[in-house]
Amino acid sequence: MIQKLGQVMIYVNNQDQARDFWTEKLGFRVLAEEDNGGGMRWIELAPPGAQTTIVLQNKEFVAKMEPEMNLGTPSLMFYTDNAEQLHQDLKNKNVMVGEIVEIPAGKVFNFADDEENYFAVMERK
């Protein structure tokens, strides 16, 4: 039986730039950074206190190893306690953000990383 979601893989072109985006602009922490010396490198990050982590994988390397693998960006929804404050903070850090939209479940907006992968954030009611 599955008990929880452990990791989400995000395949990126520049792992260092992606790590810096998540840590410097979103406040995530690097939990592990591994390199097997043969081209397989990954960086595991998460916001403080999170149970699920994000693992930044080298898109080019994974594509060579597993040509059939779907390397598209997963559709991720993050939660926040204050959508307006986070939205303004990301704008101040020059992160591409969409407008805040009210939906029945709460307030939501999108943001993009430096490779224009889009993610969403929701302040639940």
Side-chain angles (χ1 to χ4, degrees):
M1 174 185 279
I2 294 175
Q3 297 173 333
K4 64 181 176 179
L5 176 63
Q7 298 176 329
V8 176
M9 307 301 168
I10 299 179
Y11 303 98
V12 297
N13 296 312
N14 185 324
Q15 289 172 289
D16 293 325
Q17 182 180 20
R19 178 200 56 224
D20 293 348
F21 173 84
W22 288 98
T23 58
E24 294 172 9
K25 298 193 176 177
L26 288 162
F28 281 41
R29 295 192 178 135
V30 174
L31 303 176
E33 195 163 339
E34 302 290 333
D35 189 337
N36 75 356
M40 181 62 155
R41 177 178 176 228
W42 63 94
I43 303 167
E44 184 176 12
L45 322 109
Q51 291 186 352
T52 302
T53 63
I54 290 174
V55 179
L56 303 174
Q57 296 274 357
N58 181 316
K59 186 183 277 190
E60 182 180 357
F61 182 82
V62 174
K64 287 178 185 173
M65 297 298 293
E66 297 289 336
E68 291 82 30
M69 183 167 298
N70 179 351
L71 301 177
T73 305
S75 183
L76 300 179
M77 174 70 76
F78 296 98
Y79 292 139
T80 183
D81 291 332
N82 190 326
E84 287 90 2
Q85 181 179 351
L86 179 59
H87 187 266
Q88 188 60 51
D89 185 44
L90 293 177
K91 282 175 70 172
N92 291 344
K93 293 176 181 176
N94 296 316
V95 174
M96 186 184 320
V97 294
E99 294 300 318
I100 296 175
V101 177
E102 292 267 353
I103 61 172
K107 298 174 185 177
V108 66
F109 70 91
N110 293 323
F111 69 91
D113 68 10
D114 294 333
E115 294 185 13
E116 296 187 6
N117 297 307
Y118 285 83
F119 306 95
V121 177
M122 179 188 292
E123 177 185 333
R124 298 189 290 182
K125 289 185 178 181

Within one Ile-Leu-Val-Met-Phe-Trp-Tyr cluster: [X] and [Y], side-chain cutoff 4.5 Å:
X    : Y    : result
V55  : F28  : no
F111 : M122 : no
L86  : F78  : yes
L45  : V8   : yes
M77  : I10  : no

Can you measure from NZ (K4) to OG1 (T52) and round to the nearest 0.5 angstrom?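 Reported value, rounded in 0.5 Å steps: 7.5 Å.
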Spacing of CG belonging to L31 relative to CD1 belonging to I43, to within rounding of 0.5 Å: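 Here the interatomic distance stands at 11.5 Å.
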Around atom CG of D81, are there more than 12 heavy atoms from other residues, nucleotides or ligands closer than 6.0 Å?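 No - once you tally the heavy atoms of other residues, nucleotides and ligands closer than 6.0 Å, there are 12 at most.
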Taking CE in M65 as the centre, count heavy atoms belonging to other residues, nucleotides or ligands within less than 6.0 Å. Is the count above 12?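 Atom CE in M65 is not crowded, with 12 or fewer foreign heavy atoms closer than 6.0 Å.
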What pairs with Q88 under side chain to side chain contact (heavy atoms under 4.5 Å, CB included), at least two apart in sequence or on another chain?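 For Q88, the residues satisfying side chain to side chain contact (heavy atoms under 4.5 Å, CB included) (neighbours in sequence not counted) are K91, N92.
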Please name all residues satisfying side-chain hydrogen bond (donor to acceptor under 3.5 Å, both in side chains) with T53, sequence neighbours left out, ordered by chain then number.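 Listed in chain order: E44.
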Residues that R41 engages under side-chain hydrogen bond (donor to acceptor under 3.5 Å, both in side chains), provided they are two or more places apart: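 For R41 the side-chain hydrogen bond (donor to acceptor under 3.5 Å, both in side chains) partners, ignoring immediate neighbours, are D16, E33.
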Can you list the residues that meet the salt bridge (Lys or Arg N to Asp or Glu O under 4.0 Å) rule with K64, with sequence neighbours excluded?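 Residues passing salt bridge (Lys or Arg N to Asp or Glu O under 4.0 Å) with K64: E60.
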Salt bridge (Lys or Arg N to Asp or Glu O under 4.0 Å) with K93: which residues, sequence neighbours excluded?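 K93 satisfies salt bridge (Lys or Arg N to Asp or Glu O under 4.0 Å) with D89 only.
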Going by ring pair (Phe, Tyr, Trp, His ring centres under 6.0 Å), name the pairs with one or both residues in residues 90-110, residues two or more places apart or in two chains.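 Applying ring pair (Phe, Tyr, Trp, His ring centres under 6.0 Å) to every pair that reaches into residues 90-110, excluding sequence neighbours, yields H87-F109.
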Determine which pairs satisfy ring pair (Phe, Tyr, Trp, His ring centres under 6.0 Å) with at least one residue from residues 50-69, sequence neighbours left out, and list them in order.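 Pairs touching residues 50-69 that pass the test: none.
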Holding to ring-ring contact (aromatic ring centres under 6.0 Å, His included), I want the full list of residues that pass it with F21, two or more places apart in sequence or in another chain.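 Partners of F21 under the ring-ring contact (aromatic ring centres under 6.0 Å, His included) test: none.
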Show me, pair by pair, the donor-acceptor contacts under 3.5 angstrom made by side chains of residues 95-105, not counting sequence neighbours?
none

Can you name the closest pair of heavy atoms from G27 and P48 and give their distance?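 Closest heavy-atom pair between G27 and P48: O-CD, 3.7 Å.
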Which pairs, with at least one residue in residues 106-125 and sequence neighbours excluded, count as a salt bridge (Lys or Arg N to Asp or Glu O under 4.0 Å)?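 Non-adjacent pairs meeting salt bridge (Lys or Arg N to Asp or Glu O under 4.0 Å): E84-K107.
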Would a 4.5 Å heavy-atom cut-off, applied to side chains only, mark M40 and Q57 as touching?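 M40 reaches Q57 side chain to side chain.
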Side-chain donor/acceptor pairs under 3.5 Å, residues 66-74, sequence neighbours excluded:
from	atom 1	to	atom 2	distance (Å)
N70	OD1	G72	N	2.8
T73	OG1	N117	OD1	2.6

